[in-house]
**Q** 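First, the structure itself, so that you have it in front of you.
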Protein chains: 2
Amino acid sequence: MTMDRQLLLLGLLRAQEMHGYQLNEFIDEQMNFCVDLKRSTAYYLLDKLCRDGYVAEEVEREGNRPERKVYRITPTGEERFQELLRQNLAAYEPSVYAEDIGIIFEHQLAPDESLRLMRMRREAILAHRATMEALHVSLPPSHTAVIEHHLLHLDAEITWIDRLIATRSSHASPQATDTASS
Amino acid sequence: MTMDRQLLLLGLLRAQEMHGYQLNEFIDEQMNFCVDLKRSTAYYLLDKLCRDGYVAEEVEREGNRPERKVYRITPTGEERFQELLRQNLAAYEPSVYAEDIGIIFEHQLAPDESLRLMRMRREAILAHRATMEALHVSLPPSHTAVIEHHLLHLDAEITWIDRLIATRSSHASPQATDTASS
DNA sequence: GGGCGCATGTAATGAGTTACATGATTGA
DNA sequence: TCAATCATGTAACTCATTACATGCGCCC
């Protein structure tokens, strides 16, 4: 949602004033694993925050480099940050999962094929989990809680797909049942 | 994503041809817990599926009731369904979680308040979990896998927030630490 | 005749992305 | 001088939602 992106930008600018490019770099390098925010969208949002009075922009130029707009949070923005943060921490927004739709219709495929596809998904999840674990050591400890959050959800996803694979296996042809363990 | 909504509509129409209102009712009553699809959006998507040749519409009127457009899947639509289903089952799309953003800045609140807010969220999650469990018995067995999916993710969410609450508790004032157990 | 249910939409808006445009500096 | 990096944006588009519009039938 929009509010979370607003919270993110305000929170980052609160810690340190920045220009757009710098902010984008930071997000791309440090937060790509938990937020999805395109560069132009960030510029667009910064502009909006500015129009709403939550941040102030000041044009600056350093030597002969291209001019940059430095954004810093305003007192109204600080209030907004507090409000959004409290809201975010206290609320729970039920998610929708794309996986659910497929599962509703899954039984319309032959068990063998269905199994094959679900095993592919399983591999994809495991691969993603491995990269998350790697981040665990490479990123600063401030990210630990976030990474653990992702790992827990990934484990939930694995548990679920494993159950599905197990129940489907009992309906599949004997050859197909064993492919994963070979 | 769009593709999953397309898959959903095609899958439902594949099982049984329907008119828009009927489809909307079905989704609202049987699937509101796992998909979020507004009525006008459904009409809009049906129209789009029609223009793309995946479904055919036929105007029908029963007695004197308002006329309705009955949609049924075409052979191209059937192919599309197969393709989307296979794609959905085999792929894993990493999620982004709104909760992550709040946690990144959580330590900027006083531990007492942070705790209070996280406990509120915990309650909200538990409440939602209870309604999910209730669905478990009230909905047809075809939904079992989907509900279990949600329950697993909800449990992950609870485990996570409990850990956060536990670590935060050690920094909070003694009175605040115990509020939940009273 | 008044309100509810059936049935379909449109118009306006918002949120976000993609692809492109611009122009300067730096280093090979 | 050519490519890469720094830095900012716009224009066009898609997707989805909200709020509203319409009109008939049915039942009290």
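Residue numbers start from 1 in every chain, and the chains themselves are labelled A, B, ... in the order their sequence lines are given, proteins ahead of strands.
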**Q** Of the nucleotides D/dT17, C/dC6, D/dA7, which one has an atom closest to the side chain of A/His19?
**A** D/dA7

**Q** When you get a sec, tell me which of C/dA15, D/dT8, C/dT17 is the closest nucleotide to the side chain of A/Thr2?
**A** C/dA15

**Q** Which nucleotide, C/dG16, D/dC6, C/dA15, lies nearest any side-chain atom of A/Thr41?
**A** C/dG16

**Q** Near B/Glu58 CD, under 6.0 Å, is it more than 12 heavy atoms from other residues, nucleotides or ligands?
**A** no

**Q** Are A/Glu99 and A/Arg121 close enough for a salt bridge, meaning some N to O gap below 4.0 Å?
**A** no

**Q** Output the rounded distance in Å from CE (A/Met3) to C1' (C/dA15).
**A** 11 Å

**Q** Find the distance A/Arg51:CZ to C/dA15:C1' and express it as a whole number of Å.
**A** 12 Å

**Q** Specify the separation, in whole Å, of atom CG of B/Leu49 and atom P of D/dC15.
**A** 12 Å

**Q** Nearest whole angstrom, please: distance from the P of D/dA16 to the CD1 of B/Ile27.
**A** 13 Å

**Q** In a table with atom names and distances, give each donor-acceptor pair under 3.5 Å that connects a side chain of residues 143-150 of chain A to protein atoms at least two apart or in another chain.
**A**
| residue | atom | partner | partner atom | Å |
| --- | --- | --- | --- | --- |
| A/His143 | NE2 | A/Gln30 | O | 3.4 |
| A/Thr144 | OG1 | A/Pro141 | O | 2.7 |
| A/His149 | ND1 | B/Asp100 | OD1 | 2.6 |
| A/His149 | NE2 | A/His153 | NE2 | 3.3 |
| A/His149 | NE2 | B/Glu157 | OE1 | 2.9 |
| A/His149 | NE2 | B/Glu157 | OE2 | 3.2 |
| A/His150 | NE2 | B/Asp100 | OD2 | 2.6 |

**Q** On the nucleotide D/dC6, are OP1 or OP2 found under 4.0 Å from the side-chain N or O atoms that A/Tyr21 carries?
**A** yes

**Q** Write out all pairs satisfying ring pair (Phe, Tyr, Trp, His ring centres under 6.0 Å) with one or both partners inside residues 35-55 of chain B, taking only residues at least two apart or from two chains.
**A** none

**Q** Whole angstroms only, please: what is the CZ-P distance between B/Arg39 and C/dG5?
**A** 12 Å

**Q** For B/Arg116, check side chain to side chain donor-acceptor pair (under 3.5 Å) against everything at least two apart and list the hits.
**A** B/Glu113

**Q** Starting at atom CG of A/Leu46, determine the distance to atom P of D/dA7, rounded to an integer number of angstrom.
**A** 14 Å

**Q** Could you work out which one of D/dC15, C/dT17, C/dA15 sits closest to the side chain of A/Lys38?
**A** C/dT17

**Q** Please write out each protein N/O paired with an N/O of nucleotides 9-12 of chain C under 3.5 Å, distance rounded to 0.1 Å.
**A**
| residue | atom | partner | partner atom | Å |
| --- | --- | --- | --- | --- |
| C/dG9 | OP1 | B/Lys69 | NZ | 2.1 |
| C/dG9 | OP2 | B/Lys69 | NZ | 3.2 |

**Q** Between C/dG23 atom P and A/Arg68 atom CZ, what is the distance in whole Å?
**A** 20 Å

**Q** Once salt bridge (charged side-chain N to carboxylate O under 4.0 Å, His left out) is applied, what residue pairs with a partner in residues 17-29 of chain B remain, sequence neighbours excluded?
**A** B/Asp28-B/Arg39

**Q** In whole Å, I'd like the distance from the CG atom of B/Asp47 to the P atom of D/dT17.
**A** 16 Å

**Q** Sorted by first residue and then second, give each salt bridge (charged side-chain N to carboxylate O under 4.0 Å, His left out) pair with at least one member in residues 126-143 of chain B; sequence neighbours left out.
**A** B/Arg129-B/Glu133, B/Arg129-B/Asp155

